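What follows is a single structure, written as structure tokens, with notes after it.
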Amino acid sequence: MKTIPQRTCIVCKQKGDKSNFVRIVKTPSGEIAIDKTGKLNGRGAYVCDNIECIKKVQKTHALNRAFKCEISDEVYQKLVEDYGKN
Ligand SMILES: [Zn+2]
């Protein structure tokens with residue numbers, strides 16, 4: 001049987017299949033990108049694809065901790081715009 005790689009949400013620490021998560025990547029050039037294709041190079045952080053966790057990421061600036069650097073508000077805003085609805 002094939003093992004499915006498990007990801008962990010940086011907000012609620014819930015584990016699951018990567019298809020349940022939004023991937024955010026710090027690219028080798030230091031840029032932060034929301035990885036919609038799942039194919040971007042770089043270090044990734046995962047957040048549940050649900051409104052609670054997406055909003056909490058913005059509220060707690062969880063990406064700053066995950067990537068150990070300052071993340072601009074625009075990134076958080078984009079994340080909420082793209083995934084924080086419904
Ligand atoms: Zn979560």
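Reckoned from all heavy atoms, side chains included, excluding hydrogens, waters and symmetry mates. When a ligand or atom number is given, it counts from 1 through the structure's own listing order. All of these numbers come straight from a predicted model, not from anything done at the bench.
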Any sub-3.5 Å donor-acceptor pair from Asp35's side-chain atoms to Val25's backbone N or O?
-> no
Are there any protein N/O/S atoms under 2.8 Å from the Zn ion (ligand 1), and if so, which?
-> Cys9 SG, Cys12 SG, Cys48 SG, Cys53 SG
Separation between NE2 (His61) and CG (Asp73), nearest 0.5 Å, reads 5.0 Å
How are the rings of Phe21 and Tyr46 set to each other: parallel, tilted or perpendicular (split at 30° and 60°)?
-> perpendicular
Can you list the residues that meet the side-chain hydrogen bond (donor to acceptor under 3.5 Å, both in side chains) rule with Glu70, with sequence neighbours excluded?
-> Asn64
N/O donor-acceptor pair under 3.5 Å between Arg43 side chain and Ala66 backbone | yes
Is it true that a side-chain atom of Arg23 and a backbone atom of Leu40 form a donor plus acceptor pair closer than 3.5 Å?
-> yes
